[in-house]
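Taking it in order: structure first as structure tokens, then the write-up.
Just so you know, these numbers use all the heavy atoms, side chains as well, and skip hydrogens, waters and symmetry mates.
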Amino acid sequence: MAEKISVSNSAVLLTGESGTGKELFAHAIHQNSSREQFPFVRINCASIPEHLLESELFGYDEGAFTGAKKGGKRGKFELANFGTIFLDEIGDMPLSMQSKLLRVLQEGEVERVGGQKPKTIDVRIIAATHRNLEKMIEEGTFRQDLYYRLNVIKLEIPPLRERKEDIPYIATYLLNKLEKKFHRHGINLTNRVISKLQQHNWPGNIRELENVLERAVNVLEGNTIDIVHLPLYLRENVHFLSEKQKVYVDYNNHSDSFPTLKETLSLVEKQAIINALQLSNGNKLEASKLLGIGKTSLYDKCKQYNIK
Ligand SMILES: Nc1ncnc2c1ncn2[C@@H]1O[C@H](COP(=O)(O)OP(=O)(O)OP(=O)(O)O)[C@@H](O)[C@H]1O
Ligand SMILES: [Mg+2]
């Protein structure tokens with residue numbers, strides 16, 4: 001879809017959770033368009049203070065305000081002329097700026113701060129946000145008319161957990177990139193690691209996957225990435241699952257009466273503590289951190305469950 005629409009001049013709205021690749025898509029769309037020879041200018045609407053945003057976007061003329069540079073300054077829109085402007089984190093743009101942006105989009109011309117006459121510009125707009133703009137419109141924090149202007153072509157990038165079949169391909173691509181960075185080659189993943197990666201729910205999406213693989217390459221001695229090279233939080237959850245399954249199997253085999261919820265929870269709690277202590281080599285402070293409880297609370301529970 002992104003490839004198909006890259007040749008058009010219509011505005012694009014990229015949505016998706018953090019780390020799903022919105023910026024990567026914006027670049028790819030520009031690179032694949034006839035504007036490729038012209039600038040791709042990114043502006044992060046969330047990180048520029050409101051009072052500077054207008055002059056950043058539209059520029060200013062000499063003498064527009066105290067401290068204004070001699071000769072004035074071109075804004076991002078002028079810089080992006082004939083190219084693409086990428087309005088990142090558009091959901092964080094203040095309402096007052098939203099009105100000004102809308103005017104530019106409608107009229108195709110920008111006016112510098114303190115400027116005399118507007119200048120016609122030809123830019124393609126790509127906007128991105130991880131926010132829910134429809135909800136923001138309902139709440140009155142995002143202008144509906146601006147939304148319609150931006151939302152001509154909407155690309156929703158799904159979170160990684162909803163396209164787990166992509167994980168082997170993306171991981172291979174990322175490993176290739178890491179090999180170049182670390183001057184290595186021939187690094188591969190075991191099938192166990194791939195299925196472990198596919199079990200995780202990736203709140204940080206591809207950025208998180210990149211971090212996990214980079215970490216693995218750092219601790220790797222040979223060429224094969226295995227479970228031990230994954231960070232604890234990825235290994236741990238499977239420990240926990242398999243133990244839970246064991247508890248369930250134990251009951252099926254040895255007990256006539258169904259366990260109460262309380263009994264099951266205690267067993268799972270006990271097993272989680274044992275797992276954490278094993279992972280931390282018996283270090284109680286580290287185990288309590290893994291479990292997200294206080295050290296005193298861990299001591300109490302060890303006593304309660306008779307864990308030495
Ligand atoms: N399909 C993909 N293949 C390979 N790498 C990818 C892919 N998608 C994203 N990445 C990489 O993942 C990282 C995060 O992507 P990007 O910065 O585009 O995400 P984003 O959606 O803009 O996130 P945020 O909302 O946090 O700004 C980048 O390093 C990017 O190169
Ligand atoms: Mg981004």
Side-chain angles (χ1 to χ4, degrees), residues 16-25 27-28 157-249 268-295 298-299 301-302 305 307-308:
E17 288 177 14
S18 178
T20 46
K22 296 182 290 298
E23 188 167 353
L24 179 124
F25 269 86
H27 277 282
I157 308 180
L160 195 52
R161 67 181 158 281
E162 283 172 20
R163 43 176 167 134
K164 292 190 163 164
E165 65 283 4
D166 286 359
I167 288 177
Y169 299 100
I170 296 177
T172 307
Y173 168 84
L174 293 173
L175 275 180
N176 255 310
K177 224 166 82 173
L178 287 166
E179 282 179 342
K180 291 198 185 94
K181 182 170 166 189
F182 287 83
H183 305 288
R184 305 264 308 252
H185 60 266
I187 300 179
N188 52 70
L189 302 165
T190 63
N191 288 337
R192 285 198 297 172
V193 166
I194 292 174
S195 62
K196 185 76 39 99
L197 297 180
Q198 288 178 323
Q199 282 162 32
H200 186 54
N201 76 338
W202 301 107
N205 293 295
I206 298 178
R207 185 175 296 115
E208 184 185 357
L209 177 60
E210 258 179 342
N211 291 344
V212 166
L213 292 175
E214 179 163 345
R215 179 198 182 276
V217 172
N218 270 292
V219 297
L220 192 62
E221 271 158 18
N223 265 339
T224 304
I225 298 179
D226 209 342
I227 306 288
V228 290
H229 305 114
L230 299 179
L232 272 184
Y233 76 92
L234 272 176
R235 280 185 260 163
E236 217 199 3
N237 107 45
V238 168
H239 261 264
F240 180 70
L241 266 182
S242 58
E243 291 307 331
K244 230 173 26 183
Q245 279 155 1
K246 235 192 260 167
V247 169
Y248 177 74
V249 172
V268 173
E269 185 171 67
K270 180 178 175 184
Q271 196 56 58
I273 292 170
I274 292 172
N275 289 344
L277 284 166
Q278 272 169 0
L279 274 172
S280 65
N281 281 325
N283 182 325
K284 286 217 170 81
L285 181 63
E286 210 178 291
S288 67
K289 280 185 191 153
L290 284 173
L291 292 162
I293 60 175
K295 200 177 163 194
L298 180 63
Y299 273 102
K301 285 184 192 298
C302 285
Y305 294 123
I307 300 171
K308 299 259 157 51

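The backbone N or O of E162 lies less than 3.5 Å from no partner atom in the side chain of W202, so there is not a single donor-acceptor pair. Looking at K22, its side chain does come within 3.5 Å of a backbone N or O of G16 through a donor-acceptor pair. When atom types are taken as modelled, the side chain of E179 and the backbone of I187 share a donor-acceptor pair closer than 3.5 angstrom. Side-chain N or O atoms of R235 include none that pairs as donor or acceptor with a backbone N or O of H229 at under 3.5 Å.
Here the shortest heavy-atom pairing between N205 and G19 reads CB-O, 3.4 Å. Nearest approach of A287 to L277, heavy atoms of both residues: CB-CD2, 3.8 Å. When all heavy atoms of K284 and C302 are compared, the closest pair comes out as CE-SG, 3.7 Å.
Distance check, rounded to the nearest 0.5 Å: CD1 of I225 to NZ of K196 gives 14.0 Å. The structure places CG of L285 at 10.0 Å from CG of L290, a figure rounded to the nearest 0.5 Å. Separation of atoms CG (L291) and CG (L298) is listed at 6.5 Å; rounding is to 0.5 Å. Here the CG-CD1 distance, from L197 to I227, works out to 8.0 Å after rounding to the nearest 0.5 Å. Taking CG of N223 as the reference point, atom CZ of R184 lies at 6.0 Å (rounded to 0.5 Å). In this structure, E210 CD and L178 CG are separated by 7.5 Å, a value rounded to the nearest 0.5 Å.
Applying the side-chain contact (heavy atoms from CB on, under 4.5 Å) rule to R161 yields the partners E17, P159, K164, N201; only residues at least two apart in sequence or on another chain are considered.
The side-chain heavy atoms of L175 and V217, taken from C-beta on, include a pair separated by under 4.5 Å. Looking only at side-chain heavy atoms (C-beta outward), T20 and L160 stay at 4.5 Å or farther from each other. With a 4.5 Å cut-off on side-chain heavy atoms, H200 and I167 do not count as touching. Residues V212 and Y233 have side chains in contact (heavy-atom distance under 4.5 Å, counting atoms from C-beta outward). The shortest side-chain heavy-atom distance between V219 and V228 does not fall under the 4.5 Å cut-off.
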Evaluate the side-chain contact (heavy atoms from CB on, under 4.5 Å) criterion for residues I157 and R163: first the C-alpha distance (whole Å), next the side-chain angles of each, then the deciding distance (0.1 Å), finally the verdict. CA-CA 10 Å; I157 308 180; R163 43 176 167 134; 3.7 Å; yes
Run the numbers on I206 and L174 for side-chain contact (heavy atoms from CB on, under 4.5 Å), then give the verdict. CA-CA 10 Å; I206 298 178; L174 293 173; 4.3 Å; yes
